[in-house]
Amino acid sequence: MRLTLVLGAQFGDEGKGKVVDFLAANADVVVRFNGGNNAGHTVVVGDKTYKFHLVPSGAVRGKVCCLASGMAINPSVLVEEIEMLKRAGKRFKLLIDPRAQIIMPYHILLDGAKEKSARKKIGTTKRGIGPCYADRAFRSGIRFCEFIEPKIFKERLRAALPFKRRELASYGIRCPSEKKILKEFLPLARKLKSYEADVSLFIQKALKQKKRILLEGAQGFFLDNDFGTYPYVTSSHPITGGALIGIGIPPGSLERIIGVAKAYCTRVGSGPFVTELKGKLANFIREKGMEYGTTTGRPRRVGWLDLVMLRTASRICGFTELAITKLDVLSGLRKLKVCYAYKHCGKEHREVPANTFEVEKCRPVYREFKGFKLPEKIKSIKDLPKEARIYLRFIEKQVKVPIKIISYGPERKQTIFNR
Ligand code: IMP
């Protein structure tokens with residue numbers, strides 16, 4: 001493994017945490033490159049459970065952990081995570097790119113206010129992600145390198161505040177004062193200053209030294225700000241292109257690009273979901289799969305596996321392999337359905353249409369499969385029931401990408417490597 005990229009191929013929450021966790025065992029460096037504390041993952045080691053929103057899960061394994069330039073960092077959440085890990089006796093090296101954006105208190109207030117007042121809600125995590133990236137595009141964001149220099153930080157804050165006051169006032173909300181923000185943020189900056197390092201340069205040097213590097217995407221392909229179901233998307237780029245620009249690495253350095261997908265599909269927040277299920281079956285899958293948001297606790301919407309989505313994600317991201325997770329959740333169902341095309345106005349679509357309003361009107365075309373019941377002990381793909389192998393082979397054939405990892409439970413040992 002030189003550079004291995006792990007991406008969500010659906011709407012986020014595909015089980016990337018588990019895939020990253022065991023790949024991290026053989027990595028020297030783990031990097032996050034997009035989003036912020038809108039993401040959440042849980043790592044279970046023995047009887048200890050660690051919940052992260054910012055620090056890559058490699059921290060538990062004592063790896064070098066990087067927060068690259070494409071990230072939006074909430075400094076107080078980051079300090080809490082670092083302190084939690086220190087208390088747990090975990091030693092790891094953390095590097096934060098100077099170019100990463102800082103989430104300010106007014107970003108969080110604006111995110112909440114916009115959601116509250118919107119007629120058509122996005123269903124954001126209200127962590128300030130959208131307003132923070134909007135400020136980056138608007139050139140009024142505060143970068144990590146500015147945040148850790150008190151004089152520059154004050155200047156940048158002073159320049160931003162009048163606009164933020166006006167914007168918040170339009171929602172009837174008072175912006176926190178400069179004094180209040182400085183009181184909270186200056187001590188955080190002092191705690192984080194020593195972690196500053198050019199992650200792009202570090203990764204290039206590490207590559208030359210033949211180090212093994214794992215890139216951990218947050219969210220999923222269809223939440224991408226360009227290629228997702230806009231406007232029901234996040235504000236960063238959880239796709240291959242996003243990793244390149246969110247770290248600062250050339251495309252040739254990527255060796256493996258793993259698209260992670262559940263054996264079914266979930267979505268949290270608003271937006272089209274062509275294969276969405278309602279009623280008893282949806283409740284069954286939600287409960288069995290424990291489909292509740294790690295960050296917000298919201299119940300996730302549930303549906304059948306959508307190969308039109310995987311085909312599009314794979315074409316744009318160049319997946320070299322797929323990881324299929326949560327196969328166990330489907331175990332015991334009598335019949336399964338997989339969507340392999342969409343229909344709209346008499347036309348068949350093999351890829352997700354660019355226009356979200358068209359996606360909203362698409363109907364799924366399903367292939368039905370016999371259900372399967374997974375045995376207790378599974379060591380290799382041969383131990384899977386024939387029906388499960390047929391299901392997985394159909395995915396490979398339709399997406400034209402081999403499935404190399406199959407996860408059938410939350411534990412590390414509940415994983416098949418299909419070489
Ligand atoms: P934001 O990223 O908080 O702005 O939210 C935008 C959309 O992305 C909403 O539909 C969120 O529910 C969704 N979203 C953001 N982060 C995640 C995630 O880590 N998993 C799943 N959905 C997410």
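Excluded from the calculations below are hydrogen atoms, water molecules and symmetry mates; all remaining heavy atoms, backbone and side chain alike, are included. We number each residue from 1, following the sequence as shown. Note that ligands are numbered from 1 as they come in the structure, with each ligand's atoms numbered from 1 the same way.
A cation-pi arrangement is absent between R156 and F153, since the terminal nitrogen or guanidinium carbon is not both under 6.0 Å from the aromatic centre and inside a 45° cone about the axis. For R412 and F22, the positive end is not near the middle of the six-membered ring at less than 6.0 Å and at most 45° from its axis.
Every atom of ligand 1 with a heavy atom of I122 under 4.0 Å away is listed here by number and element: 10 (O). Heavy-atom contacts of F11 reach the following atoms of ligand 1: 21 (C), 22 (N) (cutoff under 4.0 Å). Ligand-side atoms of ligand 1 in range of G269: 10 (O), range being under 4.0 angstrom from any heavy atom. Close approach of ligand 1 to R298 is summarised as follows: ligand atoms under 4.0 Å from at least one heavy atom of the residue are 11 (C), 12 (O).
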### Task
Take K343 and C362, measure what side chain to side chain contact (heavy atoms under 4.5 Å, CB included) needs, and give me the verdict at the end.
CA-CA 5 Å; K343 267 225 161 106; C362 283; over 6 Å; no
### Task
Go through V308 and C339 one step at a time and tell me if the side chain to side chain contact (heavy atoms under 4.5 Å, CB included) criterion holds.
CA-CA 7 Å; V308 183; C339 166; 4.1 Å; yes
### Task
For ring pair (Phe, Tyr, Trp, His ring centres under 6.0 Å), just list the numbers for F273 and F11, CA-CA rounded to whole Å, side-chain angles, deciding distance to a tenth of an Å, and then say yes or no.
CA-CA 9 Å; F273 188 169; F11 297 112; 5.6 Å; yes
### Task
Could you go through the side chain to side chain contact (heavy atoms under 4.5 Å, CB included) check for F163 and S140 one step at a time?
CA-CA 10 Å; F163 297 97; S140 50; over 6 Å; no
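I108 has its side chain within reach of N74: a pair of non-hydrogen atoms, C-beta onward, lies under 4.5 Å apart. Taking the side chain as every heavy atom from C-beta outward, N26 and R212 approach each other to under 4.5 Å.
At a heavy-atom distance under 4.0 Å, no atom of T294 approaches ligand 1. Contacts with ligand 1 closer than 4.0 Å are made by side-chain heavy atoms of L223 only, the backbone lying farther away. Counting heavy atoms closer than 4.0 Å to ligand 1, residue Y232 contributes nothing at all.
Outside the 6.0 Å centre-distance limit, the rings of F222 and Y232 are not counted as a close aromatic pair.
Q219 CG, 3.5 Å is the protein heavy atom nearest to atom 17 (C) of ligand 1. Of all protein heavy atoms, the one lying nearest to atom 3 (O) of ligand 1 is T125 OG1, 2.5 Å. Protein heavy atom nearest atom 10 (O) of ligand 1, with residue, atom name and distance: V268 O, 3.3 Å. For atom 7 (C) of ligand 1, the nearest non-hydrogen atom of the protein is V233 O, 3.8 Å. Protein heavy atom at the shortest distance from atom 2 (O) of ligand 1 is T234 OG1, 2.6 Å. Remark: minimum distance from atom 5 (O) of ligand 1 to any protein heavy atom is reached at T124 CA, 3.4 Å.
Residue contacts with ligand 1 include A39, since one of its heavy atoms falls under 4.0 Å from the ligand. Residue G123 places a heavy atom under 4.0 Å from ligand 1. Taking 4.0 Å as the cut-off, R267 does not count as a neighbour of ligand 1 on heavy-atom distance. For R127, the closest heavy-atom approach to ligand 1 does not fall below 4.0 Å.
Residue N38 has at least one nitrogen or oxygen atom sitting less than 3.5 Å from a nitrogen or oxygen atom of ligand 1, judged on distance alone. Between S270 and ligand 1, no pair of N/O atoms sits closer than 3.5 Å. Ligand 1 has an N or O atom lying under 3.5 Å from an N or O atom of D13, backbone or side chain. Any N or O atom pair closer than 3.5 Å counts here, and G12 shares no such pair with ligand 1.
Classified by interplanar angle (parallel below 30°, tilted 30° to 60°, perpendicular above 60°), the ring pair F147/F144 is tilted.
A side-chain hydrogen bond (donor to acceptor under 3.5 Å, both in side chains) with N38 is found for one member of H53, Q219, K126, R127 and no other, namely Q219. Exactly one of K262, R267, R300 qualifies for a side-chain hydrogen bond (donor to acceptor under 3.5 Å, both in side chains) with D13. That residue is R300.
For the residue pair S236 and N34, a side-chain donor N or O sits within less than 3.5 Å of a side-chain acceptor on the partner.
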